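Computed from a prediction, not measured in an experiment: that's the story for all the values here. Atoms within a ligand are numbered from 1 in the order they appear, just like the ligands themselves. Computation of the quantities below employed the complete heavy-atom set of this structure, encompassing side-chain atoms and omitting hydrogens, waters and symmetry-equivalent molecules.
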Amino acid sequence: MNLDSRIFVAGHLGLVGSAIWRELQARGFPNLIAQTRQQLDLRDPRAVTEFFLSQRPDFVFLAAAKVGGIHANNTQPAAFLYENLQIQNNVIHAAHQSGVRKLLFLGSSCIYPKHAPQPIKEESLLTGPLEPTNEWYAIAKIAGIKLCQAYRRQHGCDFISAMPTNMYGPNDNYDLETSHVLPALIRKFHEAKVSGYPQVTCWGTGTPLREFLHADDLARACVFLMQHYSDEQIINVGSGIDVSIRELAGIIQCVTGFQGNVVWDASKPDGTPRKLMDSSRIFNLGWRPEIRLEDGIHGVYEDFLT
Ligand code: GFB
């Protein structure tokens, strides 16, 4: 990528896309291209093809996806499978048709088998059954990885795939029905504190382990990979550290200043017991996360308050 490059960030208003957008702006790339959902429905193949043929981006960050937490994934399997297949099929195919020089597809750590050896290496892909609560989303993401690899093999396209761990940061979703755990707990603890509720209810047992990465760290990784990585093999992007959901709740309780009790609703699913990724491949290439979880949560809480 250089300063003349035309760079399309698909999903630039979302958690990950907005972080990539900020990172590219901070680095002074002047020709950034964005489309809101109203301007371009990425599920519409004709509209996507027309957009690519008229705009002719050189580089594409494919951060647009239907995403959600454990409950949304578990209760909307058709939407998570179908809409993600539509978006990624349309964008990847149109990128090939219009001669995009390089595309980065964003997957997810949930593509790995539920009981993959920890920390999870890239080679674990397709070695065992998936976690049932998110297998629909995972199957779509696996199809996206394979589509990038297929266009690479058949057409010589420089399409790469990165697997981020559980993300958090500005522009997250705080809807308790559809959000991920970190924004959900920020909202629950904050609202309990300001309303004087005696307790907060968290889902599951609190024992699952999750690896969290700030979206600004992922954005730096995405730009780094766009500049330095051109391999068919997928590449993990994580912090290398995981915490239990109970520990996470403790940190968020502390940051928000909630004084009451925390109760665990074991009727809600736990999901994967652990999904710590082995990110040594990207670490060895020279990228490292910079934002500690506690610091990141402080920042996100300030963001939430404003
Ligand atoms: O973040 P989360 O929704 O998704 O949940 P996953 C992580 C853990 O936090 C689960 C627990 O064990 C939840 O039961 N949890 C506790 C809560 N309280 C809450 C709460 O109030 N809200 C939520 N949402 N969780 C998703 C996948 O899995 O992660 C996606 O479904 C994707 O496909 C994404 O991969 C990164 O980490 O379990």
- Message: Checking V16 against L218 for the side chain to side chain contact (heavy atoms under 4.5 Å, CB included) test, could you report, in this order, the C-alpha distance in whole Å, the side-chain angles of both residues, the deciding distance, and whether it holds?
- Response: CA-CA 8 Å; V16 171; L218 175 63; 3.6 Å; yes
- Task: In plain terms, say whether D58 and R6 are close enough for a salt bridge, that is, a side-chain N and a carboxylate O under 4.0 Å apart.
- Result: no
- Residues in ring-ring contact (aromatic ring centres under 6.0 Å, His included) contact with F224, at least two apart in sequence or another chain: H228
- Message: At less than 4.0 angstrom from any atom of ligand 1, which residues have a non-hydrogen atom? List them by chain and residue number.
- Response: G68, G69, I70, N73, S108, C110, N134, Y137, N166, S179, H180, V181, A184, L185, K188, C202, W203, P208, R210, I245, P269, D270, K275
- Which heavy-atom pair separates R22 from N171 by the least distance, and what is that distance? NH1-ND2, 3.7 Å
- Query: If every non-hydrogen atom of R210 is compared with every non-hydrogen atom of D270, which pair is closest and at what distance?
  - Reply: NH2-O, 3.3 Å
- Item | Parallel, tilted or perpendicular: rings of Y301 and F304 (30°, 60°) | parallel
